[in-house]
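Counting from 1, the numbers follow the sequence of the chain as shown. Start at 1 and go down the list; that is how both ligands and their atoms are numbered. This one's a predicted model, so the numbers in the text were calculated from it and none came from an experiment.
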Amino acid sequence: MKLEACEVTKRYGNFLALNGATFQTGDAARVVALLGPSGGGKSTLLRVLGGLLLPESGEVRQDGLVLPHTEDGALKVLRQNGFVFQGYNLFPHLSALQNVTLPLTQVHGQTAQQAHERAVELLTRLGLAGHFHKRPAELSGGQQQRAAIARALAPKPRLLLLDEPTSALDPVMTGEVLDVIRELAEGGQQIVLATHEISFARKVADWVVFLANGRVEESCLTASFFNEPSSSLAKTYLTGLSKYR
Ligand code: ADP
């Protein structure tokens with residue numbers, strides 16, 4: 001895929017979270033990592049790229065197609081994409097299985113039988129066989145996040161958008177979830193990932209978009225970013241990260 005943002009701005013109240021963010025990936029990016037310091041705008045950009053937030057101005061394109069600027073238009077794009085956020089956003093009163101089937105029947109028009117088969121297939125693939133009937137509170141954090149990934153994948157999204165999917169997890173659970181994401185990437189799933197897991201991004205992403213202060217400071221192949229960052233902000237960021245590793 002090719003992802004592009006052109007002069008995208010987004011404000012929360014008076015605060016300019018995206019300030020003319022502009023980038024374009026290569027034509028065949030498969031896993032795009034949004035990196036940068038906290039508060040830089042990664043999460044906001046991820047939501048704009050997936051159609052979850054409308055920008056105030058500017059434009060986003062997926063494979064040359066402009067994301068619609070109207071709420072109805074953006075909703076169509078949104079339904080083709082899958083989102084996973086940092087906290088677990090599972091419905092607390094539903095089982096893991098129901099969490100996956102509900103959007104399939106309610107939003108994507110599948111029959112109960114189709115939704116059930118798809119949910120069983122995905123939960124099994126993500127290592128949750130035997131946990132179908134547990135509610136989120138009865139699952140570990142890693143299991144909850146894997147169920148959230150299953151739910152996002154169930155409608156076969158064009159793009160899977162992951163916003164700091166491991167930041168609420170301990171190291172073991174982080175490893176479990178990163179393994180799942182790596183397998184999806186290796187299987188060809190198109191992914192946009194906002195993350196602080198730098199070594200993971202280095203291994204799995206093929207394109208890096210580095211944001212700070214609401215602006216894209218670098219957009220380049222992953223190897224170029226890590227081997228020869230060009231902006232001073234990216235150099236400082238990478239040096240700061242390597243200090244305690
Ligand atoms: P990042 O993901 O890089 O940490 P975010 O996109 O979450 O950055 O946030 C960018 C800036 O916008 C931050 O300073 C944050 O405090 C602010 N922000 C994010 N969401 C909101 C919101 N709903 N209301 C007010 N400010 C927000």
Item to complete: Using the side chain to side chain contact (heavy atoms under 4.5 Å, CB included) rule, take F226 and L238 through it: C-alpha gap first, then chi angles, then the decisive distance, then the call.
Response: CA-CA 8 Å; F226 285 99; L238 289 171; 3.7 Å; yes

Discussion item. Could you go through K134 and Q143, starting from their C-alpha distance and side-chain angles, then the distance that decides it, and tell me whether this counts as side chain to side chain contact (heavy atoms under 4.5 Å, CB included)?
Written reply: CA-CA 10 Å; K134 292 187 182 167; Q143 289 169 334; 5.7 Å; no

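A side-chain donor-acceptor contact under 3.5 Å links W207 and S219. A donor and an acceptor atom, one from each side chain of E218 and S231, are located under 3.5 Å apart. Checked by atom type, the side-chain pair Q98/T101 shows no donor-acceptor distance below 3.5 Å.
Using a 4.0 Å cut-off between a side-chain N of Lys or Arg and a carboxylate O of Asp or Glu, R61 and E59 qualify as a salt bridge.
G41 N, 3.1 Å is the protein heavy atom nearest to atom 8 (O) of ligand 1. In terms of protein heavy-atom proximity, atom 5 (P) of ligand 1 is closest to T44 OG1, 3.7 Å. Closest to atom 10 (C) of ligand 1, if we only count protein heavy atoms, is G39 O, 3.4 Å. Of the protein's heavy atoms, F15 CE2, 3.4 Å lies nearest to atom 11 (C) of ligand 1. Of the protein's heavy atoms, S43 CB, 3.4 Å lies nearest to atom 7 (O) of ligand 1. Looking from atom 25 (C) of ligand 1 to the surrounding protein, the closest heavy atom is Y12 CB, 3.3 Å.
For the pair R135 and F91, the cation-pi test (distance below 6.0 Å, angle within 45°) is failed.
Every residue was checked against the side chain to side chain donor-acceptor pair (under 3.5 Å) condition with T124, not counting sequence neighbours, and none meets it.
Using a 4.0 Å threshold on non-hydrogen atoms, atom 16 (O) of ligand 1 does not count as touching the protein.
Which parts of ligand 1 touch S38 is read off a 4.0 Å heavy-atom cut-off, strictly below it: atoms 4 (O). Those atoms of ligand 1 with a heavy atom of P37 less than 4.0 angstrom away are 3 (O). Those atoms of ligand 1 with a heavy atom of G40 less than 4.0 angstrom away are 1 (P), 3 (O), 8 (O).
When only interatomic distances are considered, the shortest N/O to N/O separation between K42 and ligand 1 falls below 3.5 Å. At under 3.5 Å, not a single nitrogen or oxygen of A17, backbone or side chain, sits near a nitrogen or oxygen of ligand 1.
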